[in-house]
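Data first, discussion second: the structure below is written as structure tokens.
To find a chain, count down the sequence lines: A is the first, B the second, and so on, and within it residues start at 1.
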Number of protein chains: 2
Amino acid sequence: MDRANELLRGIGEKCTEQRKLILKALLELARPVSADELYMYLSGKGRIGRTTVYRTLELFEQKKLVKRIIFKDGIIRYESTHLGHHHHLICLSCGKVFSIKKCAISSLDGFIIEDTDFLVTEHFLEFYGFCEKCRGDRV
Amino acid sequence: MDRANELLRGIGEKCTEQRKLILKALLELARPVSADELYMYLSGKGRIGRTTVYRTLELFEQKKLVKRIIFKDGIIRYESTHLGHHHHLICLSCGKVFSIKKCAISSLDGFIIEDTDFLVTEHFLEFYGFCEKCRGDRV
DNA sequence: ATTTTGAATGAAACTAAATTTCATTTAGAT
DNA sequence: ATCTAAATGAAATTTAGTTTCATTCAAAAT
């Protein structure tokens, strides 16, 4: 993977086998994944330890390659920033995570400082409910 | 506290000393608190164990007396539902949590099902940034 | 191409939040 | 006042995440 090499050089960090694996997986998966989930996913694909996964995700977050997200279950997940700003729909039944690109909230960030003197630097919006498949008769 | 007695009877649950203490504390504190934080807070005020705090908050959540919230730090917090639907401003510097009552998002819940067939039952919106005191020169 | 060196890695130990177990206590019905 | 199922709490356990430290490796220097 040369793309990974490029990206890592770009942020002034060493290009190791493990970092390439993690970067590739995050782009492949294209959804929020926990360190442990990623570790399981990668265990077959190469030599990699749990610690490295945790540490690398932390590094990637600092370097803005990934975004840290926490849903109601309290587990820390990471998602590639290449997917752009978006919000999530999390199915309470099957757990599947959907993305919505349109964000009507960004304009709020600006209003808030006028109203409250609180300077918003980022916001998180998650919707919980039931996806098409799990909806059943629910209205 | 008779109010607590009433509330607990209302949900068909036993009115124990511990449950009353927790209920009272949640109303007093009027902000999202973790089980451990609550445990510390209550330790002086009466005989109560960690386990009971955890279990009672879980019960209260099921009975809709409290709402479970998770911020970026991954710690599970609970907040009295008597405070009504609102969103949070969390200061990245001092950690203080502010509430905003106005919610422009609720109308979105309805749009989403039309767009995506996903039935939204609840949403969470948190803003991170810097409060008036911690803002300094930041724009 | 080989050497060098500081950074990266991973196994294992550790920490902290949350959960489970089980003997004891208690609320509230009888 | 007695009885019983539910609630409690101390301690053990689980789980996600972090720290430690000896070993390995990327890439800079030679």
Answer yes if the side chains of A/H123 and A/H85 hold a donor-acceptor pair under 3.5 Å, and no otherwise. yes
Under the rule for ring pair (Phe, Tyr, Trp, His ring centres under 6.0 Å), what residues qualify as partners of A/Y128, not counting sequence neighbours? B/F124
Just the rounded figure in Å: distance from P of D/dA7 to CG of B/L57. 15 Å
Hey, which of these two, B/I76 or A/T56, hits DNA chain C nearer its 5' end, going by closest nucleotide? A/T56
Scan nucleotides 21-30 of chain D against the protein and return all N/O pairs shorter than 3.5 Å with their distances rounded to 0.1 Å.
from   : atom 1 : to    : atom 2 : distance (Å)
D/dA27 : OP1    : A/C15 : N      : 2.9

Rounded to whole angstroms, how far apart are CG on A/D73 and P on C/dA18? 12 Å
Applying the side-chain hydrogen bond (donor to acceptor under 3.5 Å, both in side chains) criterion to B/E79, which one of B/K67, B/R68, B/H88, B/R31 satisfies it? B/H88
In this structure, how many angstroms lie between the C1' atom of D/dA16 and the OH atom of A/Y78, rounded? 11 Å
For B/K101, I'd like to know if atom NZ has over 12 heavy atoms of other residues, nucleotides or ligands within 6.0 Å. yes
Can you tell if the side chain of A/R9 reaches within under 4.5 Å of the side chain of A/N5, non-hydrogen atoms only? yes
Tell me whether the side-chain N/O atoms of A/Y54 come closer than 4.0 Å to OP1 or OP2 in D/dG17. yes
Please give, in whole Å, the distance from D/dG17 C1' to A/E58 CD? 10 Å
Could you tell me how far apart A/Q62 (CD) and C/dA7 (P) are, to the nearest whole angstrom? 15 Å
DNA chain D stem ranges, 3 or more consecutive Watson-Crick or G-U pairs under 3.5 angstrom: C:1-30 with D:1-30
Side-chain N or O of A/R19 closer than 4.0 Å to phosphate OP1/OP2 of C/dA8: yes
Pick the nucleotide of DNA chain C nearest each of B/R77 and A/I48; which residue has the one closer to the 5' end? A/I48
Would you mind reading off the distance between A/I70 atom CD1 and C/dA17 atom P, rounded to a whole angstrom? 14 Å
Whole-Å gap separating C1' (C/dG28) and CG (B/L8): 14 Å
Whole angstrom is fine here: how far is it from CG in B/L21 over to C1' in C/dA27? 15 Å
Measure from the side-chain N and O atoms of B/R138 to the backbone N and O of B/C134, and report whether any donor-acceptor pair falls under 3.5 Å. yes
OP1 or OP2 of C/dT9 less than 4.0 angstrom from a side-chain nitrogen or oxygen of A/T51, does that happen here? no
